[in-house]
Peer 1: 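Would you mind keeping the following structure in view while I ask a few things?
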Amino acid sequence: MTASESTGRVLVVGASMAGLRAAEQLRAAGWTGAITLVGDEPHMPYNRPPLSKEVLAGKAPFASLAFRPRPAVADAAWLLGRRAVTARLPERTVVLDDGTSLSYDGLVVATGMRPRRLTCPGPLPGRHTVRTLDDAQGLREALTRPGARVVVVGAGFIGCEVAATAVALGVREVTVVDPLPLPMTGPLGPLLGRALLRRHEARGVRFALGTGVAGFTGEDRVTGVELSDGRVLAADVVVESVGSVANTEWLDGNGLDLTDGVRTDALLRAGGRPEAVAVGDVARFPNARYDGVPRRVEHWSIPGDTAKQAARTLVAHLHGTGEEPAPFAPLPTFWSDQHDFRLQSFGAPSYGADDVRVLDGTPDGDLVVGYHRDGLLVGVVALGGPGAASAAARHRPALLARPAVTA
């Protein structure tokens with residue numbers, strides 16, 4: 001079958017950035033048949049990273065976040081405000097929450113993740129997460145109330161970004177709670193964790209580290225946060241930033257490994273099924289650039305990278321060409337804007353580095369840190385201004401030159 005003979009339908013479940021990029025890459029790979037996208041939000045795809053920064057600060061309206069779909073997908077059908085509840089992969093059908101059953105020839109799983117919630121006792125009102133536009137708008141209203149006291153649970157990327165934005169908004173008290181001893185020490189290690197702690201504290205953020213949350217006080221809404229070490233922090237607003245849960249329940253019962261997202265092979269096929277692929281941060285895939293261990297990656301670059309690979313895989317199957325793309329080997333990248341500085345990363349600093357050292361700069365100024373494993377550079381992270389980011393980018397050729405491995 002040639003590209004001009006594409007028939008049938010590809011169903012993309014998930015209408016955020018990953019779903020949109022998948023549809024666009026299907027066209028780029030030669031699929032001319034029908035494409036239908038299903039999404040549980042009422043909005044067309046939009047950019048999420050600004051939610052914890054510009055949107056929360058009141059500097060970015062929704063119109064500035066919305067992606068502009070490429071002309072190639074102008075004929076795609078969008079079913080928004082609809083949620084997939086059941087998939088029957090052997091029958092190639094997906095059932096939506098309104099009872100509609102959709103058949104497909106090819107399936108793209110792009111349902112992403114949702115924030116993990118704390119299960120501690122106490123009231124729910126006053127507790128927020130940041131994942132959707134509605135989440136960010138609701139949190140902004142709470143942060144801009146006079147005299148607000150904010151406790152952010154979780155010192156990861158989102159938690160630190162929200163804390164920085166809250167300080168910039170003039171919030172009276174901002175405290176970040178985390179059971180680890182330093183912010184972002186899990187993905188970045190103690191060297192950068194210490195540098196980040198100093199920068200945040202210098203700008204007015206308080207920290208309660210090495211302790212967790214035991215519960216929330218209050219009757220109708222949160223008034224405080226009880227810590228596991230016995231302290232109680234006064235709080236009018238709580239932001240929970242304690243990780244994520246992949247949206248895979250609708251795929252139960254199909255023999256897939258859904259332990260943490262959808263496990264795929266090196267071509268992004270879900271459970272090895274040739275007609276079903278997974279993209280974005282719901283996909284748990286092996287990266288041939290590193291060790292071949294399947295992982296979910298929640299970086300901004302991954303939706304586009306996985307979409308390109310998955311589209312080639314799926315279209316090759318649907319067209320019956322017998323040609324398969326090379327195993328997936330992306331170079332992950334991310335950035336995080338906090339206060340007046342930026343974290344910029346290339347590669348995979350959290351993939352088992354055994355040697356972490358300063359490549360350029362100083363801990364109190366612009367800083368570039370290299371992460372090595374078995375003597376090879378696997379990741380570079382810059383902290384500071386544009387000069388630090390440029391210095392980190394100069395290491396990209398060495399990261400790209402890393403030899404590929406197989407699972």
Peer 1: Establish, from distance only, whether the side-chain atoms of T100 and D98 form a donor-acceptor pair under 3.5 Å.
Peer 2: yes
Peer 1: Could you tell me whether the side chains of W250 and T111 share a donor-acceptor contact shorter than 3.5 Å?
Peer 2: yes
Peer 1: For F341, what residues pass the ring pair (Phe, Tyr, Trp, His ring centres under 6.0 Å) criterion, not counting sequence neighbours?
Peer 2: H200, H339
Peer 1: Can you sort out the partners of D178 under side chain to side chain contact (heavy atoms under 4.5 Å, CB included), two or more places apart, ordered by chain and number?
Peer 2: A155, L180, L209
Peer 1: Is it true that R131 and D135 have a side-chain N and a carboxylate O under 4.0 angstrom from each other?
Peer 2: no
Peer 1: Under 4.5 Å between any side-chain heavy atoms of V176 and R206, yes or no?
Peer 2: no
Peer 1: Does D366 reach the main-chain N or O of G384 with its side chain, forming a donor-acceptor pair under 3.5 Å?
Peer 2: no
Peer 1: Does N254 reach the main-chain N or O of L89 with its side chain, forming a donor-acceptor pair under 3.5 Å?
Peer 2: yes
Peer 1: With a cut-off of 3.5 Å and sequence neighbours excluded, list every side-chain donor-acceptor pair involving residues 165-175.
Peer 2:
{"from": "T165", "atom 1": "OG1", "to": "S52", "atom 2": "O", "distance (Å)": "2.9"}
{"from": "T165", "atom 1": "OG1", "to": "E161", "atom 2": "O", "distance (Å)": "2.9"}
{"from": "R172", "atom 1": "NH2", "to": "G147", "atom 2": "O", "distance (Å)": "3.4"}

Peer 1: Keeping the roles fixed (side chain from E240, backbone from L118), state whether a donor-acceptor pair exists under 3.5 Å.
Peer 2: yes
Peer 1: Excluding sequence neighbours, so at least two apart, what forms side-chain hydrogen bond (donor to acceptor under 3.5 Å, both in side chains) with R48?
Peer 2: S16, E41, Y46
Peer 1: Determine whether Y371 and V380 make a side-chain contact, defined as any pair of heavy atoms from C-beta on separated by less than 4.5 Å.
Peer 2: no
Peer 1: Indicate whether any N or O donor in one side chain lies under 3.5 Å from an N or O acceptor in the other, for E298 and S244.
Peer 2: yes
Peer 1: Would you check if there is a donor-acceptor pair between the side chains of T93 and S103 at a distance under 3.5 Å?
Peer 2: no
Peer 1: Does D40 reach the main-chain N or O of G81 with its side chain, forming a donor-acceptor pair under 3.5 Å?
Peer 2: no
Peer 1: With no hydrogens and no angle check, is any side-chain donor or acceptor of N287 less than 3.5 Å from a backbone partner on P330?
Peer 2: yes
Peer 1: Examine distances only and state if a side-chain atom of T185 and a backbone atom of L182 form a donor-acceptor pair shorter than 3.5 Å.
Peer 2: no
Peer 1: Name all residues meeting the side-chain hydrogen bond (donor to acceptor under 3.5 Å, both in side chains) criterion together with R27; count only those two or more places apart in sequence or in a different chain, and write none if there are none.
Peer 2: D75
Peer 1: Under the rule for ring pair (Phe, Tyr, Trp, His ring centres under 6.0 Å), what residues qualify as partners of H299, not counting sequence neighbours?
Peer 2: F334
Peer 1: Can you check whether V378 reaches H372 side chain to side chain, under 4.5 Å on heavy atoms?
Peer 2: no
Peer 1: With no hydrogens and no angle check, do the side chains of T211 and S228 hold a donor and an acceptor under 3.5 Å apart?
Peer 2: yes
Peer 1: Given 3.5 Å as the limit, does a donor-acceptor pair link the side chain of W31 with the main chain of A34, or not?
Peer 2: yes
Peer 1: Without hydrogens or angle criteria, can the side chains of T362 and D364 be said to hold a donor-acceptor pair below 3.5 Å?
Peer 2: no
Peer 1: Under 6.0 Å from the six-membered ring centre of Y351 and within 45° of its axis: does the NZ or CZ of R289 meet both?
Peer 2: no
